[in-house]
Amino acid sequence: GYHQTSIESMISIVRSQLKPSNQGMLGQGIYFANNFLATENKANYRGAILCAKIRMGKIKFIRNIDNSITKESLKKEGFNSVYFTHPKYS
């Protein structure tokens, strides 16, 4: 997966760890795109791109924005992560 952010934030990520955002299109979490070009439309900040191997566990596939998703609600449904298929790219 690919995560784009500011150079300052990337330095912080490299020094410590990637932390979940407080909010987003799919609620609190860590957001990755499936290719680096897609980060251009999704990133709030630009300048550095992180490429990582993502272990997503059991995935909940969704097609509609739902910012009420929480780690707890996913766990209750038996999922570990969410994969959002944006209508613009499906």
Side-chain angles (χ1 to χ4, degrees):
Y2 299 86
H3 179 86
Q4 183 167 189
T5 190
S6 68
I7 293 171
E8 295 79 18
S9 292
M10 190 62 69
I11 290 169
S12 177
I13 290 167
V14 170
R15 288 186 177 156
S16 59
Q17 62 183 355
L18 191 58
K19 296 181 178 130
S21 63
N22 291 324
Q23 59 187 8
M25 287 176 49
L26 306 174
Q28 190 177 36
I30 300 172
Y31 287 77
F32 281 88
N34 61 5
N35 66 71
F36 75 94
L37 291 175
T39 67
E40 289 296 320
N41 298 320
K42 299 175 183 188
N44 292 325
Y45 303 97
R46 289 168 176 70
I49 297 177
L50 172 69
C51 177
K53 182 176 182 178
I54 312 297
R55 291 185 286 171
M56 296 179 68
K58 188 171 179 191
I59 304 166
K60 179 177 183 174
F61 292 89
I62 64 172
R63 291 186 165 274
N64 297 308
I65 293 170
D66 181 356
N67 61 7
S68 69
I69 296 170
T70 64
K71 184 177 180 180
E72 292 77 23
S73 69
L74 282 176
K75 186 176 180 179
K76 194 180 241 186
E77 294 178 57
F79 295 105
N80 305 106
S81 62
V82 176
Y83 187 96
F84 174 64
T85 302
H86 195 289
K88 183 177 178 182
Y89 305 109
S90 59

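Note that the numbering runs from 1 along the sequence shown for the chain.
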Student: Please report the closest heavy-atom contact between N35 and L37, naming both atoms and the distance.
Tutor: OD1-N, 3.1 Å
Student: Heavy-atom distance under 4.5 Å between the side chains of H3 and T39, does that happen here?
Tutor: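 Counting from C-beta outward, H3 and T39 never come under 4.5 Å.
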Student: Whether the S6 and S9 side chains hold a donor-acceptor pair (N or O, under 3.5 Å, no angle test) is what I'd like checked.
Tutor: yes
Student: Please round to the nearest 0.5 Å and tell me the distance separating atom NZ of K60 and atom OG of S73.
Tutor: 6.5 Å
Student: What's the spacing between I62 CD1 and T85 OG1 if we round to 0.5 Å?
Tutor: 8.5 Å
Student: At their closest point, which heavy atom of M25 faces which heavy atom of F84, and how far apart are they?
Tutor: CE-CE2, 3.4 Å
Student: Provide the closest heavy-atom pair for F32 versus G1 in the form atom of the first, atom of the second, distance.
Tutor: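 Closest approach of F32 to G1: CD2-C, 3.5 Å.
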Student: Less than 4.5 Å apart, side chain to side chain, heavy atoms only: is that true for Q17 and K19?
Tutor: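 A side-chain contact exists here, since the closest heavy-atom pair is under 4.5 Å.
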Student: When clusters are formed by joining ILVMFWY residues with side-chain heavy atoms under 4.5 Å apart, either directly or through shared neighbours, do V14 and F36 land in the same one?
Tutor: no
Student: Walk me through whether I69 and V82 qualify under side chain to side chain contact (heavy atoms under 4.5 Å, CB included).
Tutor: CA-CA 9 Å; I69 296 170; V82 176; 4.1 Å; yes
Student: Output yes when a side-chain donor or acceptor of Y31 lies under 3.5 Å from a complementary backbone atom of L26, and no otherwise.
Tutor: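 Side chain of Y31 to backbone of L26, a donor-acceptor pair under 3.5 Å: yes, one is there.
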Student: What's the separation between atom CZ in F79 and atom CE in M56, rounded to the nearest 0.5 Å?
Tutor: 11.5 Å
Student: What is the minimum heavy-atom distance between A38 and A33, and which atoms define it?
Tutor: CB-CB, 3.8 Å
Student: What heavy-atom pair brings K58 and G78 nearest, and what distance separates the two atoms?
Tutor: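 Result for this residue pair: CD-O, 3.1 Å.
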Student: Does any non-hydrogen side-chain atom of L50 lie less than 4.5 Å from one of M10?
Tutor: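 Yes, close enough: below the 4.5 Å cut-off.
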Student: Can you tell me how far CD of E72 sits from CD of Q28, rounded to the nearest 0.5 angstrom?
Tutor: 8.0 Å
Student: What closest approach, in Å, do I49 and Y2 show between heavy atoms, and which atom pair accounts for it?
Tutor: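 Answer, listing the atom of I49 first, then Y2: CG2-CD2, 4.0 Å.
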Student: Applying a strict under-4.5 Å side-chain criterion to I, L, V, M, F, W and Y, I'd like to know whether I7 and Y45 cluster together.
Tutor: no
Student: Less than 4.5 Å apart, side chain to side chain, heavy atoms only: is that true for K76 and L74?
Tutor: no
